[in-house]
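There's a structure below that I have some questions on.
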Amino acid sequence: MKYEDLVNVVDEFERETELGECIYFEAMKKLENVQTDLGKLDDVQHVKRVIKPFLVQWGMIGRVIGRKGLEWEKLGRMLRGLEKEFKQLRGKKLLTINFDEESISSSIRAIYRELDSIPYIGSPTAISKILHLLNPEIFVMWDNDIREMYKKKNKHIRDTPEGYLEFLKETQKELKEAFEERQKQTGKNFNEIEQEIRGRYKNKTLARIIDEYNWSKAHPNFFKNQI
């Protein structure tokens, strides 16, 4: 990926989705406390009043998530029980995390596998959005179109714990290519480039920035159809 392509695509996405970003930032703010300790996650305050409406309103998967009888309390219990795995990933960055390190890869697979067992809530798209809410530095969101786009680059990407891990590796690779190009252009190191691009986009994480790029590339006609 070229750095110029990354920022040009994200610039356009930002112009078209300004209102929706308020929902995103509000959810992040309300979950700040539990992002550092899932033991503090409350089934009502956080799961039903933040995560569920976020998936319905912002995540555009209300058809799946909005139905009655889903096991939101089970989601809360599972997430609290996964604190050990989430702790392994805290403090790390998408650009530099070693996804091949056993403690890292096993934690990601275990988290995905647990959530995957909950009917409907455990759909691939919903899982990625829930994970991003709880660790926006590492977990990149996807949907069917993004997954199919990335499968052309890596045949191992699919809607499984192992396939999602491969997706994270591929997004990291894309970002590194863009950063390396920017480094050659400016002489800046990776930390400086990350500060630069995050400053450009309201201090969003790299995982969110590349999600905006991926979404735009995978849904090229979406904004045209809204006119």
Side-chain angles (χ1 to χ4, degrees), residues 13-14 16-94 107-108 110-144 146 159 161 164 167-168 171 198 201-212 214-215:
F13 180 94
E14 294 269 317
E16 298 287 350
T17 61
E18 185 174 354
L19 180 61
E21 291 306 280
C22 296
I23 299 173
Y24 175 82
F25 282 118
E26 184 67 17
M28 285 294 171
K29 183 178 180 180
K30 290 180 178 178
L31 292 173
E32 280 180 347
N33 198 34
V34 300
Q35 286 173 353
T36 59
D37 181 3
L38 280 176
K40 300 176 182 178
L41 185 78
D42 181 80
D43 292 344
V44 175
Q45 180 182 352
H46 301 119
V47 176
K48 291 185 177 180
R49 292 182 180 172
V50 181
I51 295 177
K52 179 182 177 180
F54 177 85
L55 295 175
V56 172
Q57 298 170 14
W58 188 89
M60 297 188 295
I61 50 177
R63 182 176 58 85
V64 176
I65 297 299
R67 64 185 69 196
K68 296 181 179 179
L70 299 193
E71 298 178 280
W72 295 102
E73 290 84 1
K74 183 176 181 180
L75 173 64
R77 290 196 304 271
M78 280 189 169
L79 290 173
R80 287 189 293 272
L82 288 166
E83 166 59 20
K84 179 181 177 182
E85 285 75 17
F86 272 90
K87 189 175 181 179
Q88 287 282 350
L89 309 174
R90 290 196 190 108
K92 296 185 169 53
K93 301 281 189 176
L94 179 58
S107 292
I108 292 171
I111 291 168
Y112 193 103
R113 187 176 297 110
E114 281 289 293
L115 300 193
D116 192 36
S117 68
I118 309 177
Y120 301 109
I121 296 175
S123 70
T125 301
I127 290 172
S128 71
K129 294 183 187 302
I130 293 168
L131 297 187
H132 181 78
L133 283 175
L134 299 175
N135 187 331
E137 292 287 350
I138 300 299
F139 291 116
V140 183
M141 295 176 279
W142 68 0
D143 61 15
N144 291 337
I146 292 173
D159 56 350
Y164 181 66
F167 170 70
L168 294 179
T171 57
R198 289 181 67 147
Y201 302 119
K202 308 179 189 74
N203 199 35
K204 291 177 183 175
T205 64
L206 293 182
R208 174 58 182 147
I209 291 169
I210 196 168
D211 170 65
E212 294 184 0
N214 290 339
W215 199 93

- Task: Considering only NZ, NE, NH1 and NH2 on the basic side and carboxylate oxygens on the acidic side, decide whether Lys87 and Glu83 come within less than 4.0 Å.
- Result: no
- Task: Check whether any side-chain heavy atom of Asn214 sits under 4.5 Å from a side-chain heavy atom of Val140, and report yes or no.
- Result: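 Yes, at least one pair of side-chain atoms sits under 4.5 Å.
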- Message: Whether Glu137 and Arg198 form a salt bridge (side-chain N of Lys/Arg under 4.0 Å from carboxylate O of Asp/Glu) is what I want to check.
- Response: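 Salt bridge flag = yes for Glu137 with Arg198.
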- Task: Please list, chain by chain and in numerical order, all residues satisfying salt bridge (charged side-chain N to carboxylate O under 4.0 Å, His left out) with Glu85, sequence neighbours excluded.
- Result: none
- For Tyr120, is the NZ or CZ atom of Arg67 found under 6.0 angstrom from the centre of its six-membered ring and inside 45 degrees of the ring axis? yes
- Name the one of Thr205, Leu31, Leu131 that satisfies side-chain contact (heavy atoms from CB on, under 4.5 Å) with Pro136?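 The residue from Thr205, Leu31, Leu131 that satisfies side-chain contact (heavy atoms from CB on, under 4.5 Å) with Pro136 turns out to be Thr205.
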- Parallel, tilted or perpendicular: rings of Phe86 and Phe139 (30°, 60°):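 The rings of Phe139 and Phe86 stand perpendicular, inter-plane angle above 60°.
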- Query: Side chains of Lys129 and Trp58: does their closest heavy-atom pair fall under 4.5 Å?
  - Reply: yes
- Evaluate the ring planes of Phe54 and Tyr24, with Trp represented by its six-membered ring, and classify them as parallel (under 30°), tilted (30 to 60°) or perpendicular (over 60°). tilted
- Task: Test Val34 against every option in Asp42, Leu134, Ile51 by the side-chain contact (heavy atoms from CB on, under 4.5 Å) rule and name the one that passes.
- Result: Leu134
- Under a 4.0 Å N-O cut-off, is there an ion pair linking Arg77 with Glu73?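 Looking at Glu73 together with Arg77, the answer is no, because their closest N to O distance does not fall below 4.0 Å.
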- NZ/NE/NH1/NH2 to OD/OE distance under 4.0 Å, Lys202 and Glu21: no
- Query: How about Arg49 and Val44: do any of their side-chain heavy atoms sit closer than 4.5 Å?
  - Reply: yes
- Salt bridge flag under 4.0 Å for residues Arg208 and Asp211: yes
- Task: Decide side-chain contact (heavy atoms from CB on, under 4.5 Å) for Leu115 and Leu79; before the verdict, give the C-alpha distance in whole Å, the side-chain angles of both, and the deciding distance to 0.1 Å.
- Result: CA-CA 8 Å; Leu115 300 193; Leu79 290 173; 3.9 Å; yes
- Task: Taking the side chain as every heavy atom from C-beta outward, state whether Leu89 and Ile111 have any atom pair closer than 4.5 Å.
- Result: yes
- Query: Do Glu114 and Lys74 sit within salt-bridge range, that is, some charged N less than 4.0 Å from a carboxylate O?
  - Reply: no
- Message: Quick check for you: to the nearest 0.5 Å, what is the distance between Thr171 atom OG1 and Ile146 atom CD1?
- Response: 10.5 Å
- Parallel, tilted or perpendicular: ring planes of Trp142 versus Phe167, cut at 30 and 60 degrees: tilted
- Query: Under the side-chain contact (heavy atoms from CB on, under 4.5 Å) criterion, do Leu38 and His46 qualify, and how do the steps go?
  - Reply: CA-CA 10 Å; Leu38 280 176; His46 301 119; over 6 Å; no
